[in-house]
Number of protein chains: 2
Amino acid sequence: MTLDLAAAGQPAVPAAEAVQALLRQRIMEGLLLPGARLVDQALAEEFGVSRNTVRDALRLLAADGLVVSVRNAGSSVRTLTSADIHDIYTARRLLETGAILQSAGATDAMLEAVDRAASASEQHVLSGDWGKVGTASLAFHQAVVRLARSARVDEFFNNLAAQLRLAFAVMPDESAFQVRWVGRDRQIADLILAGRRDEATALMNDYLNESETQIIDGVRAAERARR
Amino acid sequence: MTLDLAAAGQPAVPAAEAVQALLRQRIMEGLLLPGARLVDQALAEEFGVSRNTVRDALRLLAADGLVVSVRNAGSSVRTLTSADIHDIYTARRLLETGAILQSAGATDAMLEAVDRAASASEQHVLSGDWGKVGTASLAFHQAVVRLARSARVDEFFNNLAAQLRLAFAVMPDESAFQVRWVGRDRQIADLILAGRRDEATALMNDYLNESETQIIDGVRAAERARR
DNA sequence: TTGACACGATTGTTCAACAATCTGTAGATT
DNA sequence: AATCTACAGATTGTTGAACAATCGTGTCAA
């Protein structure tokens, strides 16, 4: 297969960015699991581009923390350790609680986005559309972080979320994991909209602490299963 | 000049990383000012490496936000706008106040690092070593952020600090700017060490708000001078 | 069983040529 | 004088093949 860069009506992106996007999508969708080798010669042949183009893409993914490279030994999809997950959740608590505390200055549109995202999570649970619950929950957390009103913070958070996706890739049953939190999305959104920020941050901290524990448990279980 | 990769006793780094480090250092030291063109052919000749090696380096710097590239038109050192500075300071407030609030769980070594960094700033002022005051103040803020205990947050903060350096590059007199804050480094450190976190975050917010205003004023003055 | 060595795998780098896009300038037109 | 268009030069983006450097694994000998 070669890259189809000239999709209908879309401006062409540089080939390296297209390869990066494709690889990122495969990682996000679990088609490339943590530890999967990424050999630049093989990918170049698969995508019908040169090795240097694939190198560019892999380097960008490495900068995002999704890929690790060892000099002259190869690249692979990152495998998150328990320490990584703890680090990511420490960062999440900082960003999400900080953003909630800053929400007094947020626009109505930002607050409505938080509300909508919480409602979307609930809706997907009601309709049994488990595949979308995780995505909707992520959208909720993204909307919360946007309350901080910093594009750089938004990008950092999205990067953390992408890395966190790597943990889900090795866990057995994501939907069982997600269902616990949706009710809390709604609770936290209601507290934020009511201006009860201290309560909202306390609940968000609890939420993230429990979520971290569950994911670390899941990742450890997966590690044991691998041995 | 070509790269001297085999410095005494040091393991060689890949040429692309060496080029990246050299360019980053030039940017940090103001030898490459915002807006300066970075032409990959010229840099390849200067460093005695291939264009692809320079491309790798420039791409990493672009990922860090220090360089901007336009497809087929060229790369240059980023010029920060007032909106960029506001965004960076919004992120700083989130990180630094959040880290202070988390400092109850910090180690003694981390708290001592905050104390030492504040003392180093004072020491440089007393000895009139203005060139080091900025560096020491940055070390103080880095020590504060480390109280959050997340490597990813540390890296994000260091990246913000590197970008912020670009604003200083266009301001006339950095030492006059820096002297205002050193006393506050000490005050904030003392409050953190005393466990008076709410006071410390309030003072840090004031500090960063004023610092932001001054830098935006300085950058706008530089913009007017350029026209 | 352990250590050393060799070999294969893979990345890192090179080079020169060519493609693609951007920008600036010059000339034409209004 | 201002605006628009076209073109040329500048610069990045990509290519492919060859070679260098390093890593990891397997084998053999002690």
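Please read all numbers here as calculations on a predicted model, not as lab measurements. Chain A is the first sequence line, chain B the second, and so forth, proteins listed ahead of strands; every chain is numbered from 1.
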What I want to check is whether the side chains of B/Arg55 and A/Asn52 have a donor and an acceptor closer together than 3.5 Å.
no
Report all interatomic pairs (protein N or O, nucleotide N or O of nucleotides 15-17 of chain C) with separations under 3.5 Å.
from: C/dC15; atom 1: N4; to: B/Asn52; atom 2: ND2; distance (Å): 2.9

Please give, in whole Å, the distance from C/dG12 P to A/Leu38 CG?
13 Å
Can you give one letter per nucleotide of nucleotides 20-25 of chain D, going 5' to 3': B for a protein heavy atom under 4.0 Å from the base, S for sugar-phosphate only, - for none?
-BBS--
Do the side-chain N or O atoms of B/Arg55 get closer than 4.0 angstrom to the phosphate oxygens (OP1, OP2) of D/dT12?
no
Hey, are B/Asn159 and A/Arg152 close enough side-chain-wise for a donor-acceptor pair under 3.5 Å?
no
What's the CD-P distance between A/Gln41 and D/dC19, to the nearest Å?
16 Å
Checking D/dT14, D/dT11, C/dT13 against the side chain of A/Ala16 (C-beta onward), the nearest is D/dT14
Using a distance-only test with no angle check, is there a side-chain donor-acceptor pair under 3.5 angstrom linking B/Asp56 and B/Thr53?
no
On the nucleotide D/dT11, are OP1 or OP2 found under 4.0 Å from the side-chain N or O atoms that B/Ser75 carries?
no
Using a 4.0 Å heavy-atom cut-off across all strands, classify A/Leu58 as base, sugar-phosphate, or nothing.
nothing
Atom CG of B/Asp56 to atom P of C/dT11: distance rounded to whole Å?
13 Å
A/Asp40 atom CG is separated from D/dA17 atom P, nearest whole Å, by 15 Å
Donor-acceptor under 3.5 Å (B/Arg146 side chain, B/Val144 main chain):
no
Atom-pair distance (CZ on A/Phe47; C1' on D/dT15), nearest Å
17 Å
Between A/Asp185 and A/Tyr207, do the side chains contain an N or O donor and an N or O acceptor separated by less than 3.5 Å?
yes
Consider only side-chain N and O atoms of A/Gln25 and A/Glu29, and report whether a donor and an acceptor are under 3.5 Å apart.
yes
Nearest-Å distance for atom pair CG/P, residues A/Leu43 and D/dG16:
15 Å
B/Gln41-B/Glu45 side chain donor-acceptor pair, cut-off 3.5 Å
yes
Going by distance alone, is a donor N or O of one side chain under 3.5 Å from an acceptor N or O of the other, for B/Asn158 and B/Gln142?
yes
Are A/Asp87 and A/Thr90 linked by a side-chain donor-acceptor pair shorter than 3.5 Å?
no
